[in-house]
Amino acid sequence: MSAEVATIRGRIFVAFLIMSLITGALGLYATLGIRKAGDLVQRTYDQSLMSINYARAAAADFAKMRAAFARRSLTADAAARTKLDEEIAELATTLLEDLTIAVERSQSDRAIRAGVGVQAAVQAWDEMRRSLETAAASGSAWEGLDRQAGIVDGQIDMLVNYTAGDGFTYRQTARTIVAEEIRFYAVATVVALLLSALVAWLLNRRIIGPVAAASAVAERIAAGRLDDAVPVGGRDELGALLRAMATMRDNIRAMMEREVSQRRSAQALLADALESSHEGVVVVDPEGRIALANAQAVDFFDAGSGQIACGRPVAGLAAAGADPASSVLDPALSLARDGEIRLADDRWLRVSRSATREGGFVAVCSDISVTKEQETRLTQTNLRLDAALDNMSQGLCLYDAEQRLMVANRRYGEIYGLAPGSLTVGMSATEVLGACIAAGNHPGRSVADLIAESADAYGQLRNRLLQELGDGRLIAIETCPTANGGLVATYEDVTERRMAEERIAFMARHDALTELPNRVLLGEQIEAAIAQAGREGGFAVLCLDLDDFKPVNDALGHAVGDELIRAVANRLSACVREIDSVARLGGDEFAVVQRGIERPEDVAVLARRIADVLSAPYALTDHSVEIGVSIGISLAPGDGMSCEKLLKHADVALDRAKAEARGSFRFFEPEMDARLQARRELERDLREAVAEEAFELHYQPIYDLNAERISGFEALLRWRHPKRGSVSPVEFIPLAEELGLIVPLGEWVIRQACREASGWPGDIKVAVNVSAVQFTSARLINAVRDALHAAGLPGRRLELEITESVLVANPGSTTAILHSLKSMGVRVSMDDFGTGYSSLSYLRSFPFDKIKIDQSFVRGLGDSDGSGFIVRAVIGLGASLGMTTTAEGVETVDQLQRLRDEGCDEVQGYLISRPVPGAELAALLRRFNGAQRAIA
Ligand code: C2E
Ligand code: MG
Ligand code: MG
């Protein structure tokens with residue numbers, strides 16, 4: 001490469017060297033010629049002109065010598081003569097010098113000769129002149145001298161002429177030389193030009209031509225014509241340049257191909273992206289025709305119409321996809337500007353348009369249905385929120401970070417009695433307070449007072465505040481900072497709630513009916529008495545239970561019962577001193593704490609007084625009633641020093657009093673506790689038995705006197721007690737009722753009875769006793785339905801036996817429950833009729849299917865106590881009301897016969913069978929319903 005580089009540089013160097021040499025030779029030659037011409041000029045001037053001048057100066061010197069000699073001749077003065085002689089001598093010397101120079105300068109032979117002639121002529125004149133000085137001057141002498149002078153002048157003129165001729169000769173020579181030189185220069189210049197042209201041609205051929213070719217190639221490459229051939233160069237730099245350009249062209253071509261392929265793949269990607277985009281893209285050209293529409297756009301607008309094909313006018317899109325009912329009908333119009341379109345299929349599109357450089361536009365359509373739906377939901381939510389805000393029971397104010405009101409609901413205005421429109425969004429919190437003051441809520445108070453009231457000791461806004469308004473209302477204000485630095489405050493008129501709370505607090509410790517302290521407050525009072533017992537002596541706890549209150553309540557109704565209880569409370573309160581206290585423990589139970597007693601007798605006096613006072617007749621609003629009271633007494637500290645113990649012992653004593661003689665009072669004695677313990681034990685055992693279902697059912701047949709067969713069995717509960725053996729329901733049912741255990745126990749009985757009955761012959765019914773307590777909840781309906789369903793027993797095969805007490809307790813809800821039961825096909829019997837109130841109204845209140853005449857009447861059938869009459873009356877009543885009558889406790893054939901005679905429908909009793917376990921029923925059925933009938 002360096003050799004090649006040297007070659008081209010060498011070529012240019014040689015070319016320029018040759019050109020320089022030609023120019024140098026020409027210049028040198030010109031310099032020499034000019035110098036020669038200069039010499040000639042110098043000789044012309046120096047030699048000819050100078051010699052002429054000196055020759056003329058010699059002529060002048062001689063003239064002066066003649067003049068000086070003439071003056072000498074004329075003067076006689078010796079001194080002047082001497083001086084003139086000296087002057088003449090000087091002039092002669094000068095003349096000689098001038099002559100010498102003139103001859104030297106001329107250098108021509110004839111001039112030298114003329115100079116010698118002049119010198120000789122002058123010498124001759126001078127000698128002649130001298131001779132004239134010494135001899136007396138004759139005229140001829142003078143004439144000779146003048147002649148000689150003329151010769152001198154002639155000689156000098158000749159010299160002048162010769163030198164002038166020489167000068168001319170030199171000039172001519174010089175001109176000739178210059179003309180020759182000029183000719184030579186012209187030729188040399190032409191030769192130099194030719195040589196230069198040759199060198200230039202060579203340069204052009206070897207360098208400039210290829211360079212031009214390379215430049216053309218470069219231009220073609222620059223113009224993008226990459227397929228044109230690049231000429232092959234030599235081994236010089238141009239060759240290298242052409243090869244480099246070929247490489248460059250190849251690289252550019254490769255780059256372009258790469259670029260093209262990249263662009264193609266980018267275009268393919270773009271096309272893919274466009275096609276798979278969720279956005280509909282429509283490109284419209286300046287003429288308003290569709291240039292491009294991606295699949296999504298087709299999906300949005302086309303709907304199979306083909307209107308969105310490329311080249312079709314965008315205006316022709318018409319309402320292909322648009323909803324005609326929509327405010328924006330024409331998608332073409334819509335595509336012409338940014339906005340939202342609703343399509344016929346209820347989708348919403350957002351169109352964003354951007355102009356293209358060519359004058360068309362690109363419309364990008366995004367499916368904003370979800371956003372729209374969210375917007376709609378948000379709007380609905382906002383409306384609901386507004387409605388919720390306006391219907392809130394609390395007032396609400398929302399302030400922004402600058403304490404400016406943003407939201408205030410209707411209730412806020414109501415609470416503070418603000419006129420509509422007195423609150424406006426953007427009001428400051430201070431202005432809102434000002435409006436509340438102006439509305440008269442805070443008489444005598446300023447905004448500053450209200451702000452101070454709402455701040456805590458550190459000046460921070462309190463989260464909770466109870467504000468009392470001028471009219472006495474209490475407003476509970478709660479503030480809570482919002483995320484954006486604002487504040488939301490709620491206002492609740494808690495006046496009533498406060499009162500209710502106070503009432504509740506009161507009620508928690510007092511009895512609602514009498515407003516006497518309840519068990520809670522009594523406990524506290526007893527505790528207080530215990531605490532002071534040492535100082536004030538002992539105290540007594542009296543537990544009171546009204547005798548015969550329940551019948552009054554049941555018979556005359558709760559309203560009367562309540563009135564009676566209030567009257568009792570008043571009388572009781574009147575019986576005791578200030579320091580004593582009276583409490584109602586519930587129902588017809590009261591308690592008295594008698595403080596400061598010294599002897600038991602003090603308590604007995606009070607107990608007697610209470611018994612007297614309470615047993616006096618009560619003149620109630622519509623009735624006059626009499627009741628009694630039983631009292632149990634425990635004494636502190638002797639009977640215990642805890643509230644629980646004292647109350648329990650008083651209760652035990654009360655139980656004893658009631659058991660022994662109603663209307664009496666008893667002091668607690670330790671052995672009384674033992675009975676209580678026994679009851680507790682039974683209670684515990686019963687709870688366990690219910691949990692373990694340690695019961696079984698015995699069944700007593702119900703004999704149909706008309707069909708002469710067993711029509712059903714009454715399920716009777718038996719408790720298999722591990723120690724006591726089989727315990728009678730008479731013993732434990734009341735306890736189970738009292739403890740609330742009767743509900744799960746009763747449900748078990750229903751389930752068990754239905755399950756067993758489902759295995760009996762088709763028409764045999766099962767009767768189940770249901771306690772009044774079970775009617776206090778609607779659970780019974782579900783329990784019955786579930787039991788029937790689980791056993792697959794039809795409802796008509798189940799009879800529920802209820803006593804009058806069920807209806808007494810709560811007639812309304814009981815009848816509703818009974819009707820529900822009846823709607824399942826279940827039959828309902830009135831059990832033990834005649835033992836309770838035997839009120840006909842109860843029979844009328846519900847269409848019972850059966851009346852069961854209590855066994856006490858059956859037993860007394862033969863007696864003269866009217867039992868027979870009652871039995872007859874009940875049977876007649878049943879017949880007239882369309883109810884079956886069943887007589888219980890039939891033990892003798894006589895009784896059976898009497899009942900048959902009276903027209904009783906069914907009998908039940910030991911005569912037919914005692915209650916027996918389920919396993920024995922088959923035998924009973926065989927005996928009574930089989931071919932061989934046992935009773936006639
Ligand atoms: P009740 O429903 O009146 O049942 C009849 C009672 O009389 C049964 O007593 C029965 O054994 C008895 N008895 C039947 N025939 C004669 C007779 O000829 N002479 C005599 N002296 N007595 C006879 P039991 O089984 O002791 O039941 C007593 C009461 O317990 C039942 O009276 C009923 O009110 C209640 N009871 C029984 N089982 C249940 C039950 O599962 N649930 C509820 N809530 N109470 C039940
Ligand atoms: Mg019964
Ligand atoms: Mg009965």
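First listed ligand is number 1; within each ligand, the first listed atom is number 1.
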At what distance is the nearest protein heavy atom to [atom], and which residue and atom is it?
atom: atom 11 (O) of ligand 1; value: Pro915 CG, 3.4 Å
atom: atom 19 (N) of ligand 1; value: Glu891 OE2, 2.3 Å
atom: atom 28 (C) of ligand 1; value: Val730 CG2, 3.6 Å
atom: atom 16 (C) of ligand 1; value: Tyr910 CE2, 3.2 Å

Looking only at side chains, do [X] and [Y] share a donor and an acceptor under 3.5 Å apart?
X: Asp894; Y: Thr892; answer: no
X: Arg755; Y: Gln752; answer: yes
X: Glu920; Y: Tyr699; answer: no
X: Asn782; Y: Arg779; answer: no
X: Ser630; Y: Asp547; answer: yes
X: Gln908; Y: Glu888; answer: no
X: Thr621; Y: Glu563; answer: yes
X: Thr885; Y: Asp905; answer: yes

- Task: Go through Arg509 and Glu524 one step at a time and tell me if the salt bridge (charged side-chain N to carboxylate O under 4.0 Å, His left out) criterion holds.
- Result: CA-CA 10 Å; Arg509 290 147 58 84; Glu524 290 170 11; 2.5 Å; yes
Is there a donor-acceptor pair under 3.5 Å between the side chain of [X] and the backbone N or O of [Y]?
X: Arg797; Y: Ala757; value: yes
X: Arg584; Y: Gly587; value: yes
X: Ser829; Y: Glu801; value: no
X: His510; Y: Glu515; value: no

- Query: Should one rank His698, Gln700, Arg914, Gln908 by closest heavy-atom distance to atom 15 (N) of ligand 1, which comes out on top?
  - Reply: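 The residue whose heavy atom sits nearest atom 15 (N) of ligand 1 is Gln700.
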- Counting heavy atoms only, which of Leu716, Asn769, Val727 comes nearest to atom 43 (C) of ligand 1?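 Checking each option, the heavy atom nearest atom 43 (C) of ligand 1 is found in Asn769.
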- Under 3.5 Å between some N or O of ligand 1 and some N or O of Leu717?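 Yes; at least one N/O pair falls below 3.5 Å.
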- Query: N/O of Gln774 under 3.5 Å from N/O of ligand 1, yes or no?
  - Reply: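 No; the residue has no nitrogen or oxygen that sits under 3.5 Å from a nitrogen or oxygen of the ligand.
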- Message: Just to check, does Gly889 reach to within less than 4.0 Å of ligand 1 when the distance is taken from its heavy atoms?
- Response: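 Gly889 counts as a contact of ligand 1 under the 4.0 Å cut-off.
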- Query: Can you name the N/O/S atom of Asp832 that is nearest the Mg ion (ligand 3)?
  - Reply: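 Asp832's closest N, O or S atom to the Mg ion (ligand 3) is named OD1.
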- Could you tell me which N, O or S atom of Asp831 is nearest to the Mg ion (ligand 3)?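 It is OD1 of Asp831.
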Counting backbone and side-chain atoms alike, is an N, O or S atom of [X] positioned under 2.8 Å from the Mg ion (ligand 2)?
X: Glu801; value: yes
X: Glu888; value: no
X: Asn769; value: yes

With heavy atoms only and a cut-off of under 4.0 Å, state how [X] meets ligand 1: side chain, backbone, both or neither.
X: Asp832; answer: side chain
X: Lys852; answer: neither
X: Leu911; answer: neither

Taking only heavy atoms of [X] into account, list the atoms of ligand 1 that are under 4.0 Å away from them.
X: Arg718; result: 25 (O)
X: Gln855; result: 6 (C), 7 (O), 12 (C), 13 (N), 20 (C), 21 (N), 22 (N), 23 (C)
X: Ser728; result: 26 (O)
X: Val749; result: 41 (O)
X: Pro729; result: 24 (P), 25 (O), 26 (O), 27 (O), 28 (C), 30 (O), 36 (N), 37 (C)

- Message: Suppose we only allow N, O or S atoms; which atom of Glu714 ends up nearest to the Mg ion (ligand 2)?
- Response: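 Going by distance to the Mg ion (ligand 2), the closest N, O or S atom in Glu714 is OE2.
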- Message: Any protein heavy atom at under 4.0 Å, with atom 32 (O) of ligand 1 as the reference point?
- Response: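 No; the ligand atom in question lacks any protein heavy-atom contact below 4.0 Å.
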- Pairwise side-chain contact, Ile610 with Phe590, heavy-atom cut-off 4.5 Å (strictly under):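 Heavy-atom side-chain distance check fails, nothing below 4.5 Å.
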